[in-house]
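We use all heavy atoms of the structure for the numbers below, so side chains are in, but hydrogens, waters and symmetry mates are not. Naming: A, B, ... by sequence-line order, numbering from 1 per chain.
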Amino acid sequence: MDIRKYDKGLFIENAVDFEPEHIFECGQCFRWNRFENGYIGIAAGRVAYVYKKDDNVYIEGGKEEDIEFWRKYFDLDRDYGKIKERLKEDEVLNEAVEHGYGIRILKQEPFETLISFIISANNRIPMIKKAVDNISKRFGKKIIFKDMEFYSFPSLEELKEASVDELEKCGTGFRAVYIYEAVNRILKENISLDEIMTLDTDAAQERLLEFKGVGPKVADCVLLFSMQKYDAFPVDVWVKRIMQKFYLAPDVSLKRIREFGRQRFGDLAGFAQQYLFYYARENRV
DNA sequence: TCCCAGGACTACT
DNA sequence: AGTAGTCCTGGG
């Protein structure tokens, strides 16, 4: 799929397997919101209004020098048609893919993803969005687009200024101390998320679990949504419900569900998880 | 007013 | 190895 320039930004001509609603509502990101005919949001300090019209996806506000950024962010070089073909051999996935046929897994920034998913623990999506937004307003950089204010998610350097109290005031609750400790441990122990990204899925998960406030589910989300570990299988309540309903007994532990998912879907476990999550959530399974 | 949703921690076994 | 109780916040 090719990205080209037009007068208001960038567009993807004949975008296949790409539905903004599926992409932005499948639980992987917190900074995109419904706007007019699509979604408006910010990724890595770049604001855009993304919508689909006919077969084209428009990235209004996208700059010519960011063509490669958006190509990578939206994972445009991957053939989701082929992935869906393979997953549809599974009866449940066949149904789930019908619902979320336009899902793509975004390539988000590891630091933002780590902090955002620490906030996601025992929390609901609107609350998570609010907290991430407050942190960005307080510690990120302001960007004006369409006469509206947007704020980039703060860098490690920007967030090191945050006290536990300030983080709490952003609406993070008991997770404030986890965020504070994560930021300061990364700085003090000179931890490189990019280096963790080079490890295999199990080794990288182990490293992420060393952060307080990061359990198996949060670690798997970071691995899948920012480190291209597509064999990760994050198990949240929705995935738990749908797995227990269609594949396993109702009392199977989260750990076993994770093991089952990874074994059954292999290198496509992460994609399967996204289709299942979206299906379960949309249908209130 | 209470109850519920939503993962990880701690302190146990 | 697995599990009960607790953490915070907004909405019904």
Side-chain angles (χ1 to χ4, degrees), chain A residues 24-31 33-34 108 110-138 159 162-186 191 193 196 201-202 204-227 229 232-245 248-263 269-270 273-274 276-285:
Chain A
F24 297 128
E25 303 284 356
C26 67
Q28 60 178 326
C29 56
F30 303 109
R31 308 227 61 207
N33 294 299
R34 283 180 199 281
Q108 303 182 69
F111 179 65
E112 172 175 347
T113 308
L114 174 65
I115 303 302
S116 298
F117 280 92
I118 285 176
I119 295 169
S120 82
N122 208 26
N123 208 350
R124 299 223 210 59
I125 289 172
M127 293 299 103
I128 303 164
K129 281 187 168 185
K130 214 177 281 178
V132 173
D133 218 52
N134 289 337
I135 287 175
S136 303
K137 279 197 179 96
R138 175 70 184 76
L159 207 51
S163 67
V164 172
D165 191 56
E166 283 174 304
L167 290 167
E168 243 173 56
K169 288 202 175 81
C170 291
T172 58
F174 62 86
R175 309 157 195 91
V177 57
Y178 299 149
I179 299 168
Y180 181 86
E181 284 183 21
V183 168
N184 286 281
R185 199 167 81 87
I186 291 172
I191 293 167
L193 296 176
I196 292 175
T201 305
D202 290 326
Q205 204 219 28
E206 259 183 62
R207 293 289 307 277
L208 291 173
L209 292 175
E210 290 168 10
F211 288 102
K212 263 197 192 171
V214 177
K217 152 46 166 91
V218 169
D220 284 341
C221 286
V222 176
L223 292 169
L224 181 57
F225 303 141
S226 74
M227 295 186 171
K229 304 300 181 195
F233 192 75
V235 182
D236 58 41
V237 280
W238 296 101
V239 173
K240 169 176 170 265
R241 280 181 201 140
I242 195 166
M243 294 299 287
Q244 289 177 338
K245 178 166 177 171
L248 299 157
D251 59 347
V252 172
S253 70
L254 294 175
K255 196 181 165 200
R256 297 234 175 275
I257 295 171
R258 176 177 186 271
E259 284 164 1
F260 178 89
R262 293 193 69 191
Q263 192 232 332
Q273 189 271 1
Q274 288 289 273
L276 290 168
F277 175 91
Y278 188 72
Y279 178 71
R281 208 156 182 282
E282 291 291 298
N283 294 286
R284 322 296 300 178
V285 170

Specify the separation, in whole Å, of atom NZ of A/Lys169 and atom C1' of C/dT9. 16 Å
Given B/dG6, is OP1 or OP2 found less than 4.0 Å from the side-chain N or O atoms of A/Trp238? yes
If you count heavy atoms of other groups shown closer than 6.0 angstrom to CZ of A/Phe24, is the number above 12? yes
Distance, rounded to the nearest Å, where A/Asn123 contributes CG and B/dC4 contributes C1': 14 Å
When rounded to whole Å, the CD1 to C1' distance for the pair A/Ile118 and B/dC9 reads 13 Å
Looking at every strand, decide which applies to A/Phe117 at a 4.0 Å heavy-atom threshold: base, sugar-phosphate, or nothing. nothing
Against the side chain of A/Tyr178, the closest entry in B/dC9, B/dG6, B/dG7 is B/dC9
Atom pair distance, as rounded to whole Å: CD1 in A/Ile179 and C1' in C/dC7: 14 Å
Any luck finding a side-chain donor-acceptor pair between A/Arg31 and A/Ser116 under 3.5 Å? no
Figure out the CG/P separation between A/Leu209 and B/dC9, and round it to whole Å. 8 Å
Given C/dG2, B/dG7, C/dG10, the nucleotide with the shortest approach to the side chain of A/Asp236: B/dG7
Write down the distance between NZ (A/Lys240) and C1' (B/dA8), rounded to a whole number of angstrom. 15 Å
Which nucleotide in C/dC8, B/dG6, B/dA8 has an atom nearest any side-chain atom of A/Ala121: B/dA8
Nearest to the side chain of A/Lys217, which nucleotide is it out of B/dG7, B/dA5, C/dG2? B/dG7
Once you apply a heavy-atom cut-off of 4.0 Å, does A/Arg241 come out as touching a base, just sugar-phosphate, or nothing? sugar-phosphate
Under 4.0 Å between a Lys/Arg side-chain N and an Asp/Glu carboxylate O for A/Asp220 and A/Arg262? no
Lys/Arg-Asp/Glu bridge criterion (N-O < 4.0 Å) met for A/Lys169, A/Glu166: no
Using a heavy-atom cut-off of 4.0 Å across all strands, would you classify A/Pro216 as base, sugar-phosphate, or nothing? sugar-phosphate
Do any side-chain nitrogens or oxygens of A/Arg256 fall under 4.0 Å of OP1 or OP2 in C/dG2? yes
Nearest-nucleotide pick for A/Lys212, side chain only, options being B/dG6, B/dT10, C/dC7: B/dT10
A/Val214 side chain near A/Tyr178 side chain, heavy-atom distance below 4.5 Å: no
Which sits closer to the 5' end of DNA chain B, A/Val218 or A/Arg124, going by the nucleotide each is nearest to? A/Arg124
Could you tell me the separation between the CD1 atom of A/Ile128 and the C1' atom of C/dT9, rounded to a whole number of Å? 12 Å
Measure CG/A/Asn122 against P/C/dG11 and give the value in whole Å, please. 16 Å
